[in-house]
Amino acid sequence: MGFGTYIRQKRDAKGIAMNDFARQLEISPAYWSRIEREMEKPPKDELIRKAANILGENPDEAFIEASRLPPDMREDMGDIVRMYRKRATGEK
């Protein structure tokens with residue numbers, strides 16, 4: 001599932017109209033519609049976080065669906081890769 005599909009499902013489940021959601025994000029409904037239909041790449045980090053917060057969702061999950069690390073983790077990229085590799089291989 002892509003970011004747009006993920007957000008659309010969460011938005012629909014909350015009963016929030018797409019135009020109202022775009023208004024809360026302070027962006028064009030046409031642009032947000034393209035994102036939800038996977039016609040645009042996931043938006044900038046600020047909009048991903050804001051969309052998750054409006055929907056009451058964990059922003060980390062939204063970043064995962066956008067195939068991005070959350071901004072606060074990017075500085076620790078080396079540590080994250082090392083931890084992942086150790087876990088995957090069972091190293092201690």
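Note that the coordinates shown come from a computational prediction; the quantities given were computed from them, not determined experimentally.
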Qualifying side-chain hydrogen bond (donor to acceptor under 3.5 Å, both in side chains) pairs with a residue from residues 51-70, counting only residues at least two apart or across chains: Asp45-Arg68

Atom pair NZ (Lys50) and CD1 (Ile48), whose distance is rounded to the nearest 0.5 Å: 14.0 Å

Polar contact flag, side-chain donor to acceptor under 3.5 angstrom, Thr89-Arg85: no

Met18 with Met39, same ILVMFWY side-chain cluster at under 4.5 Å: no

Non-neighbouring partners of Arg8 that pass salt bridge (Lys or Arg N to Asp or Glu O under 4.0 Å), sequence neighbours left out: none

Heavy-atom check, side chain of Ile7 versus side chain of Ile35, under 4.5 Å: no

Cluster link Met73 to Met77, ILVMFWY, side chain under 4.5 Å: yes

Pairs involving residues 40-81, ordered by first then second residue, that meet ring pair (Phe, Tyr, Trp, His ring centres under 6.0 Å) (sequence neighbours left out): none

Inter-residue atom distance Glu38.CD - Arg34.CZ, 0.5 Å rounding: 13.5 Å

Test side chain to side chain donor-acceptor pair (under 3.5 Å) applied to Gln9 - qualifying residues, sequence neighbours left out: none

Nearest atoms (heavy-atom pairs only) where Ala22 meets Pro29: CB-CA, 3.6 Å

Of all pairs that satisfy side-chain hydrogen bond (donor to acceptor under 3.5 Å, both in side chains), the ones with a partner from residues 18-30, not counting sequence neighbours: Asp20-Arg23

For Arg49, side chain to side chain donor-acceptor pair (under 3.5 Å) partners two or more places apart: none

Leu47-Ile64 co-clustered via ILVMFWY side chain contacts under 4.5 Å: no

Summary of ring pair (Phe, Tyr, Trp, His ring centres under 6.0 Å) pairs that have at least one residue in residues 5-25, sequence neighbours excluded: Phe21-Trp32

With Asp79 via salt bridge (Lys or Arg N to Asp or Glu O under 4.0 Å) - residues at least two apart: Arg82

Gap between atom CD1 of Ile54 and atom CZ of Arg11 - 0.5 Å precision: 11.5 Å

Leu69 side chain reached by Asp76 side chain, heavy atoms, under 4.5 Å: no

